[in-house]
Number of protein chains: 2
Amino acid sequence: MDRLLENLKITVHGQLYVKDPESSDLGRRIVQQSITLIHDLGFENFTFKKLGALIGSNESSVYRYFENKHKLLLYLTNWYWGWMEYRLVFATAALQDPTYRLEQALSIVTQVVKEDSNFSHINEVILSQIVISEYSKSYLTKEVDTENKEGYFYIYKQLVVRLREMISAVNPKYPHAASLASTVLEGALHQHFLKDHFKSITDCGDKVTPTQFFTQLVFATLKA
Amino acid sequence: MDRLLENLKITVHGQLYVKDPESSDLGRRIVQQSITLIHDLGFENFTFKKLGALIGSNESSVYRYFENKHKLLLYLTNWYWGWMEYRLVFATAALQDPTYRLEQALSIVTQVVKEDSNFSHINEVILSQIVISEYSKSYLTKEVDTENKEGYFYIYKQLVVRLREMISAVNPKYPHAASLASTVLEGALHQHFLKDHFKSITDCGDKVTPTQFFTQLVFATLKA
DNA sequence: TATTATCGATAGTATTACTATTAATTTTGG
DNA sequence: CCAAAATTAATAGTAATACTATCGATAATA
């Protein structure tokens, strides 16, 4: 896997940046350090001024790459879901048996990343933590509908569609494959959040993983 | 139901307000109109200054009731979940059969409110819309853990616990009752959001309701 | 009637979320 | 290799936000 990833570049919607951060060293540092800083401060307390200071540069330099912090968050989460999709396709493409395929897919999609794949300046471990606690803020806004039309959520929706198709392949008669797929993706983030902050309302923790919980849930739902 | 609700007062954690908004006309107007305004502008664009203008009063007057808009959101969502809990307990208390009880519970908890019960100045229809698009912002913060210790999420967690117990009553051997309960509560909000903004990744809409989807899912999961 | 609480109005501060300008530096194209 | 173009850091400035503090006027209450 690592070898293959070396040649991978995740493409993110062009309207999410003013200037492609992949095109310069400063751009890459902006992306790289924004992940650290959002993780440390939380999205609300994160500002371009603080980011500028962290990368030993200037607020205005950051604005040359990203319009505002909301677009930056969209950029980061798009990258994350693009990367997730790549891993999903890669891991399931060769598999013939629908059940086994879905099992593998669920495993990838419900796990948090524990190791940085090292093929880019982006730390996927920290990024996945950001996605858990910040992703929903990227669409729970008054601008969702326009931004959705612009295609800012395309990658995420595509991922849900892929999962939906794998669900339907296991049981073509199951009528709620899309809802089940979206519930799994969103629910997995939620369970990860709960195990870190609201332990009393989740079973996920040291013994049980979100993967186990959702695997049982999905296959039971499809069997009925 | 309406009759009974007339005498109901939902109690919200005392630290969520500076002065109890139920104690004055101005306070009630603040709460009432904040629901309208948050719904209209979205939480990010909502300010106390705008709220003051809307109620024909002053920014500083709002601050006399709520420390900041985050606390106000916590107040509103706490009220909502408290009210939801009341409806849940009321509707299921008399029911003996665990399966039927869980069915009723799921129905209450996964539906959005369509009618204002008129027993208070709070419009529950609009409030439930706010909960769908803003609730997660109340806990996806850097301050969750301290605020959780203060008890700001107690009512919500209690609701999950009640649902968990009803799930366990149907199948005591099912090992993930808490995760299933929290997934249903959070997932229902999510499906409602999707049907309004990301139709392509949900089956919920005119024909299928989140209630149907989750009812099938829960009972199938418990049967396996 | 005196006291207290409440409210609206005004003023002021620090921070945020930008935009604009300029000068220095780096890149690159002929 | 030099001139032109692009990039960046630094500074300044604006409007809005998120508050805090103060001060009369009025209403409630004892």
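In what follows, every heavy atom counts, from backbone to side chain, and hydrogens, waters and symmetry copies are set aside. Sequence lines set the chain letters: A, B, ... in the order given, protein chains first and strands last, and positions in each chain run from 1.
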OH-CG distance between B:Tyr135 and B:Leu74, expressed to the nearest 0.5 angstrom: 8.0 Å
Sugar-phosphate, base or nothing in reach of B:Tyr63, heavy atoms under 4.0 Å: base
Touch class at under 4.0 angstrom, heavy-atom based, for B:Lys49 against every strand present: nothing
Distance test, side-chain N/O of A:Lys50 to OP1/OP2 of C:dT16, below 4.0 Å: yes
Touch class at under 4.0 angstrom, heavy-atom based, for A:Glu67 against every strand present: sugar-phosphate
Touch class at under 4.0 angstrom, heavy-atom based, for A:Ser60 against every strand present: base
Under-4.0 Å side-chain N/O to phosphate OP1/OP2 contact, B:Lys69 with D:dT17: no
Parallel, tilted or perpendicular, as decided by the 30° and 60° cut-offs, for the rings of B:Tyr86 and B:Phe90: parallel
Sugar-phosphate only, base, or nothing, as touched by A:Tyr65 at under 4.0 Å among non-hydrogen atoms: sugar-phosphate
N or O in side chain of A:Ser61 less than 4.0 angstrom from D:dA9 OP1/OP2: yes
Set of ring-ring contact (aromatic ring centres under 6.0 Å, His included) partners for B:Tyr65, sequence neighbours left out: none
Short side-chain N/O contact from B:Ser24 to OP1 or OP2 of C:dC7, under 4.0 Å: yes
Side-chain donor/acceptor contact of B:Glu59 with base of D:dC19 under 3.5 Å: yes
Which nucleotide in C:dA9, C:dT6, D:dT8 has an atom nearest any side-chain atom of A:Leu26: D:dT8
Among C:dT10, D:dT8, C:dC18, the one nearest B:Asn58 by side-chain distance: C:dT10
Carboxylate-amine/guanidinium contact B:Lys137 B:Glu44, below 4.0 Å: yes
